2 protein chains.
Amino acid sequence: MEQKVDTRGRILDIAEAAVLDKGFEATSIEEIVAGAEISRGGFFYHFKDKNALARAMLERYIETEDVLYDDLFARARELNDDPLHCMLIGLKLLAEMLEEMPQGHPGCVIASTAYQDRLFDEGVRELNRQAILGWRKRFRGMFEEIAAKYEPREPVNMDALGDMVSGVVEGGLVLQRALREHNNASEQIMLFRTYLKLLFAPKPN
Amino acid sequence: MEQKVDTRGRILDIAEAAVLDKGFEATSIEEIVAGAEISRGGFFYHFKDKNALARAMLERYIETEDVLYDDLFARARELNDDPLHCMLIGLKLLAEMLEEMPQGHPGCVIASTAYQDRLFDEGVRELNRQAILGWRKRFRGMFEEIAAKYEPREPVNMDALGDMVSGVVEGGLVLQRALREHNNASEQIMLFRTYLKLLFAPKPN
DNA sequence: CCTCCCCCTGTACCACGAGTACAGTTGACC
DNA sequence: GGTCAACTGTACTCGTGGTACAGGGGGAGG
């Protein structure tokens, strides 16, 4: 139904690139319409305001991110059926993926919007929240599966451990952005990976 | 020399609170001058533009943050002279401090500016960068001291491990902000703490 | 007491970006 | 030929950042 031109999609593409590069507020509607080669009226036909654009961007971003994780850990599972090794392989793949991105990962829209959240309405903030809760659930499930097989060497809160995946990635991306280096996020993920190796290492006795 | 009224300081106080609450761009000069009870002209007398305000805020913020860390780990060192235990106590104190803040830690100015960095000039970005490099140096030093006494169970890059402190805190604050929970950052710090315990645990043999 | 200078106040003004409000055009499909 | 979705184009309002002063008030030094 939208294989004609898909102006809406083109707007989202341009906007996402610009927002990841400069932040939401610094991205003007003017430059979006210039990039998408439409008129200002055309933009407001698709999105009633910048909030609507933000919501649509977040929805799309979260969906592709979810697909990416599904994919990544499915591939990892094919390589090794053990839950711990699957996790370790998945994180390695994630780290490699982040490293392969030429000028570094563009940065996470979630963190970006989290720190400007007063610009947005409740709908956007709630979307943001649900995305992180979704990741928490996903990773907590995987960690519980691991813990059932390998008893953790130290007691850990599984929700918090699930959050730590998101936190380490987000934190790494903040560092990367601020330092203008390009592999901080992948390094942080690899450190987190060694954490998991130590945490779920079989007891020696 | 500035015990009279210290308008400049009052501007910074108001601005910092507002920026941590809503982000830099969402904070208008109008509301700052209203809060500080000065005129717009007065504001521009102290800061030639918003960039100058950002730079001053960052400088002040970084300085107080550094003092805070100095303090925290000095207290930890008093409690236990061993480098590993000093680190573990310091992180515990940090986690407790974050938890005690009534509606959660306001969020880190560093991450906030990192995600809107195109709004700022090179001076601000460089300040931001130097702050994180400073923390890297601080924590790397501490970890090297620990590693000299307790051989790490897995090989780790000391720069990356130093960055991980900042990363975990920043990431935790992002989660906290987006989830609107209040103890994510301290939980993440505590998880990082168990990482260190496992990483530097004496070998059993 | 006068003067200078710092620290402002107050006003007027410009540029630019978000958002509103339409009126009109174009092309596809029934 | 008519309808409708998907636009274009223009014109306007409003908030905010930023400039450019002109002037005031009060404390310190001569």
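Numbered from 1 within each chain, the chains take letters A, B, ... in sequence-line order. Excluded from the calculations below are hydrogen atoms, water molecules and symmetry mates; all remaining heavy atoms, backbone and side chain alike, are included. In this text, all values refer to a predicted model and were calculated from it rather than measured experimentally.
Nucleotides of DNA chain C nearest to A/Gly41 and A/Ser28 differ in position, and the one nearer the 5' end is that of A/Ser28. If A/His46 and A/Arg40 are placed on DNA chain D by their nearest nucleotide, the residue sitting closer to the 5' end is A/His46.
One interatomic measurement links the two molecules: CZ of A/Phe43 to P of C/dC22, which rounds to 20 Å at whole-angstrom precision. As rounded to whole Å, 18 Å separates atom C1' of D/dA22 from atom CZ of B/Phe44. Rounded to whole angstrom, the span from the CD atom of B/Glu30 across to the P atom of C/dT11 amounts to 13 Å.
Contact between the side-chain N/O atoms of B/Thr7 and the OP1/OP2 oxygens of C/dC7 is not found at any separation under 4.0 Å. Distances shown here put a side-chain N or O of B/Tyr45 below 4.0 Å from the OP1 or OP2 atom of C/dC7.
Out of D/dG17, C/dG19, C/dG10, the shortest distance to the side chain of B/Ile29 is found at D/dG17. Looking at the side chain of A/Ile38, the nearest of the listed nucleotides D/dT8, C/dT9, C/dG19 is D/dT8.
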Verdict with reasoning, A/Arg180 to B/Glu122, per salt bridge (charged side-chain N to carboxylate O under 4.0 Å, His left out): CA-CA 12 Å; A/Arg180 276 168 293 170; B/Glu122 190 50 39; 3.2 Å; yes

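Using the six-membered ring where Trp is involved, B/Phe143 and B/Phe200 have ring planes that are parallel, under 30° apart on the 30 and 60° scheme.
Outside the 6.0 Å centre-distance limit, the rings of A/Phe192 and B/Tyr195 are not counted as a close aromatic pair.
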